[in-house]
Engineer: 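There's a structure below that I have some questions on.
Along the sequence shown, residues carry numbers from 1.
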Amino acid sequence: MHPLIRALAAALFCAALTTSLIAQNQIKPIDPANLDTTCSPCKNFFQYANGGWLKRSEIPGDQPRWGSFDELQEQNYAALKEVLTDAATNASSTKDANIRKLGTFYGTCMDSAAVERAGMDPLRAELNQIAAIRDRRGVEAAIVRLHQLGIPAGFVFRSNPDAKKSARTIAEVYQGGLGLPDRDYYTKTDSASAKIRSQYIAHVADMLQLSGQDKAAAEGAAQAIMRLETALASASMTREAQRDPEAIYHLTTRAALQRETPSFTWTSYLGALGLKSVDEVNVAQPEFISAFDSLLTAAPLEGWKAYLRWNLIANTAPVLSSPFVKESFRFNSTVLQGVKEMRPRWKRCLRFTDDAVGEILGQAYVRKNFTPEAKARALEMVRNIRAELHSRLGQLTWMSAQTKTKAYAKLDSIINKIGYPDSWRDYAKLEARPGPFVSNLLLANEFETRRQLHKIGRPTDRKEWGMTPPTVNAYYSPPTNEITFPAGIMQPPFFNPKADDAVNYGGMGGAIGHEITHGFDDEGRQFDALGNLSGWWTEADTKEFNRRAEVVRRQFDGYVAIDSLHVNGKLTLGENIADLGGLLIAHGAYRRSLQGKPEPGPIDGLTGDQRFFLAWAQIWRAKTRPEYTRLLVNVDPHAPPEFRTIGPLSNIPAFAQAFGCKAGDPMVRPESERAQIW
């Protein structure tokens, strides 16, 4: 997913889950059993709203976290398993080409005996080509091949809408090529980071031994790989710096790119990808690609060969024979995330299948799990929330009329995508064959690489979806000015057809408001109604927005995620602005929906406004392993769930009024420190 696309929740390590627990955990839309009434809502609303659930819930052994997103994903996976099992059973007899591909893909993944028999054999030809490299041109050829297989060795090459001419899609070079989750894992000097680096080197060596190298050669290669990756990491932009869209836009001609990176032969690279006519490339991080180019000649050839071999093995290990799967899990899940148990095979295969052919799987999913009534009700909420933001824009005293006019135009132009695509993706050119699963995975990667690169030089497809229908998430895309809510998230506790409006506006309405507000956060606000990075704000309005956003940054910098590790207020700024704005406009839309109606009566002793804020809190209920918390603080643009609850609510007077909170209470920020943007 493009770094500018803002999802509702972290999607780095999404949970693949089993039988439904939602019915066991949530009897009512707002279940009193989930509350902790011994804690005042004005002291810690996250604990008040979710303390009962937190007390009785445990993180499953195969998960790094457990929360509302995961509970719902559990339900969806249970429904999808039946679809996939039927497809695999009928793969050899069905006349439906899509079902045959779906069944073959999932079936070969589930055939563990064939995977164990094959071992490394499906990768042998690729590994032999890497072993045969004799010069720098051979390194380039291997990088091309890995990129074709969807493996971002050295750097990432992809298609994206042109940030300043969004109607067209262009080529983009982006930093990448690291085996650890982020550059900071290589550059930080604290003892925890040093320990992970040491464990990573040992992990690389173990994996290389499994691939056939002797112990001494594998250990030497692991050290060389670490040196090369550290050099790439040192030249990489921080995640905070990448949040400035102007900082990652450097449209460059191919001739200029070749002059600036003379060691890498771009003509050969683009030609091998079928892109001979491409003459412009956005080089997102020029310093990084220059460092990569220098490393082509500065780093030893044997180091490059070890690095390329490692990239192929690391990116396929989860689908190879058991020794590779177990070692990949040990480091990536246990060391980095604290997970002790591996997920059952069917869960892993389901996730691979959704990634590869998700719109085939999605068609079967929505036929059983998404109704036209749910879509109509969601669209009504979208209309009301947009109307509320339109009204709030008009009432702003700090924004000029000039900027407001363009803000209205952008708001009115937002594309709503609810449930599933209007037209489904064509998989006719995707191959799926009987045999070892890794072969099908690489075929799927090649198909997707070709599909993505085929967009370059063509009009941007604003109808395409960036998530599959069963996904429990949502996103806003600045270049296409769209909000997308897959069918997978349109269920309790986010959206409940049986719940009153207070609950649905607090849950799904807050999420809709969140995504719409992304169009006006510190990044999204720089893109206009057409999705162009155009600087449409006046200088005075920009200055005032930044002053107000700085209040949000300071607030979240002050929260401690775990031990002495603080939330990164700058990295999470866009999401925190979207949470605050989304809640404000969703609550306003809820109140708007009551116009001309009597005030709703209490349910279980809770008023409508109280149920609204509880609905928001319950979608963020979660328990997270310490290792995973540390990982997310480094790489995730979202704050931890507790602070996504108490952070925005402590800035909202309507929340304090609903629960009778007073000045001086922990859930009421002093007016001088209160964040107020939208």
Engineer: Salt bridge between Lys55 and Asp36, side-chain N to carboxylate O under 4.0 Å?
Structural biologist: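 A salt bridge is absent here (no side-chain N lies under 4.0 Å from a carboxylate O).
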Engineer: Of all the heavy-atom pairs spanning Ile196 and Leu180, show the shortest one and how long it is.
Structural biologist: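 Heavy-atom minimum between the residues: CG2-CD2, 4.1 Å.
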Engineer: For the residue pair Phe324 and Phe329, is the inter-centroid distance of their aromatic rings smaller than 6.0 Å?
Structural biologist: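 They do not qualify: ring centres at least 6.0 Å apart.
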Engineer: Please report the shortest heavy-atom distance between Ser650 and Gln555, naming the atom on each side.
Structural biologist: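 It is OG-NE2, 3.5 Å.
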Engineer: Does the ring center of His518 lie less than 6.0 Å from the ring center of Tyr475?
Structural biologist: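 No: the rings miss the under 6.0 Å criterion.
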Engineer: Can we say Glu627 and Arg630 salt-bridge, meaning some charged N sits less than 4.0 Å from an Asp/Glu carboxylate O?
Structural biologist: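 Judged by the 4.0 Å cut-off on N to carboxylate O distance, Glu627 and Arg630 do not form a salt bridge.
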Engineer: Taking NZ, NE, NH1 and NH2 as the nitrogens, is one of them in Lys570 or Asp557 under 4.0 Å from a carboxylate oxygen of the other?
Structural biologist: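 Salt bridge: no.
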Engineer: Within 45 degrees of the ring normal and closer than 6.0 Å to the centroid, is that where the cationic atom of Arg525 sits relative to Phe545?
Structural biologist: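 Verdict for Phe545: a cation-pi partner in Arg525.
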Engineer: Side chains of Ile646 and Tyr559: closer than 4.5 Å at any heavy-atom pair?
Structural biologist: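 When only atoms from C-beta onward are counted, Tyr559 and Ile646 do touch, with a gap below 4.5 Å.
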Engineer: Roughly how far apart are Leu308 CG and Ile130 CD1, rounded to 0.5 Å?
Structural biologist: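 If I round to the nearest 0.5 Å, the distance is 5.5 Å.
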Engineer: Just grab all the ring-ring contact (aromatic ring centres under 6.0 Å, His included) pairs involving residues 192-221, residues at least two apart or on different chains.
Structural biologist: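 Found Tyr200-Phe331, His203-Trp310, His203-Phe331.
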Engineer: Under 3.5 Å, is there a donor-acceptor pair between the side chain of Ser40 and the main chain of Cys42?
Structural biologist: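 Yes; at least one donor-acceptor contact below 3.5 Å.
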Engineer: Considering only NZ, NE, NH1 and NH2 on the basic side and carboxylate oxygens on the acidic side, decide whether Arg547 and Glu550 come within less than 4.0 Å.
Structural biologist: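 Salt bridge flag = no for Glu550 with Arg547.
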Engineer: Output all residues satisfying side-chain hydrogen bond (donor to acceptor under 3.5 Å, both in side chains) with Ser193, sequence neighbours left out; order by chain, then residue number.
Structural biologist: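 Only Asp190 meet the side-chain hydrogen bond (donor to acceptor under 3.5 Å, both in side chains) criterion with Ser193.
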Engineer: Before giving the answer on salt bridge (Lys or Arg N to Asp or Glu O under 4.0 Å), spell out for Asp184 and Arg239 the whole-Å C-alpha distance, their side-chain angles and the decisive distance to 0.1 Å.
Structural biologist: CA-CA 9 Å; Asp184 288 358; Arg239 289 180 182 258; over 6 Å; no
Engineer: Are Ser211 and Arg309 linked by a side-chain donor-acceptor pair shorter than 3.5 Å?
Structural biologist: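 Note: Ser211 and Arg309 side chains meet the donor-acceptor criterion.
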Engineer: Determine, stepwise, if the pair Phe155 / Phe264 fulfils ring-ring contact (aromatic ring centres under 6.0 Å, His included).
Structural biologist: CA-CA 12 Å; Phe155 60 91; Phe264 192 77; 5.7 Å; yes
Engineer: Is a donor on one side and an acceptor on the other found under 3.5 Å between the side chain of Arg243 and the backbone of Glu523?
Structural biologist: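 Between the backbone of Glu523 and the side chain of Arg243 there is no qualifying donor-acceptor contact (under 3.5 Å).
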Engineer: Check for a donor-acceptor pair, side chain of Asp62 on one end and backbone N or O of Val339 on the other, with a separation under 3.5 Å.
Structural biologist: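 Not confirmed, Asp62 side chain does not pair with Val339 backbone.
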Engineer: Between Lys215 and Glu219, does any side-chain N to carboxylate O distance fall below 4.0 Å?
Structural biologist: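 The answer is yes: the pair qualifies as a salt bridge.
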Engineer: Okay, side chain of Gln175, backbone of Val156: is any donor-acceptor separation there less than 3.5 Å?
Structural biologist: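 A pair under 3.5 Å: no.
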Engineer: Minimum heavy-atom separation for Gly524 and Asp521, please, with both atom names.
Structural biologist: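 Distance-wise, the nearest heavy atoms are N-OD1, 2.6 Å.
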Engineer: So which atom in Ile248 and which in Asn282 form the shortest heavy-atom distance, rounded to 0.1 Å?
Structural biologist: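 Minimum heavy-atom separation between Ile248 and Asn282: O-ND2, 3.1 Å.
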Engineer: Quick check with a 6.0 Å cut-off and a 45 degree axis cone: is Arg621 positioned over the face of Phe46's six-membered ring?
Structural biologist: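 No, Arg621 does not sit over the ring of Phe46.
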Engineer: Is the shortest side-chain heavy-atom distance between Leu565 and Val560 below 4.5 Å?
Structural biologist: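 Side chain of Leu565 against side chain of Val560, heavy atoms only: no contact under 4.5 Å found.
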Engineer: Side-chain contact test, heavy atoms from C-beta onward, threshold under 4.5 Å: evaluate it for Arg330 versus Val335 and give yes or no.
Structural biologist: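 Yes, at least one pair of side-chain atoms sits under 4.5 Å.
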Engineer: Going from OG1 on Thr517 to CD1 on Ile577, what distance comes out if it is rounded to the nearest 0.5 angstrom?
Structural biologist: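 Rounded to the nearest 0.5 Å, the OG1-CD1 separation comes out at 9.5 Å.
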Engineer: Between Trp304 and Tyr307, does the ring centre distance come in under 6.0 Å?
Structural biologist: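 Yes, the ring centres sit under 6.0 Å apart.
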Engineer: Have a look at Asn76 and tell me which of Val472, Ile489, Thr471, Asp354 forms a side chain to side chain contact (heavy atoms under 4.5 Å, CB included) with it.
Structural biologist: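 Filter result, single survivor: Val472.
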Engineer: Side chains of Glu575 and Arg644: closer than 4.5 Å at any heavy-atom pair?
Structural biologist: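 With C-beta onward as the side chain, the pair touches.
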Engineer: Below 6.0 angstrom between ring centroids: does that apply to Phe69 and Phe494?
Structural biologist: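 Between Phe69 and Phe494, the centre distance is under 6.0 Å.
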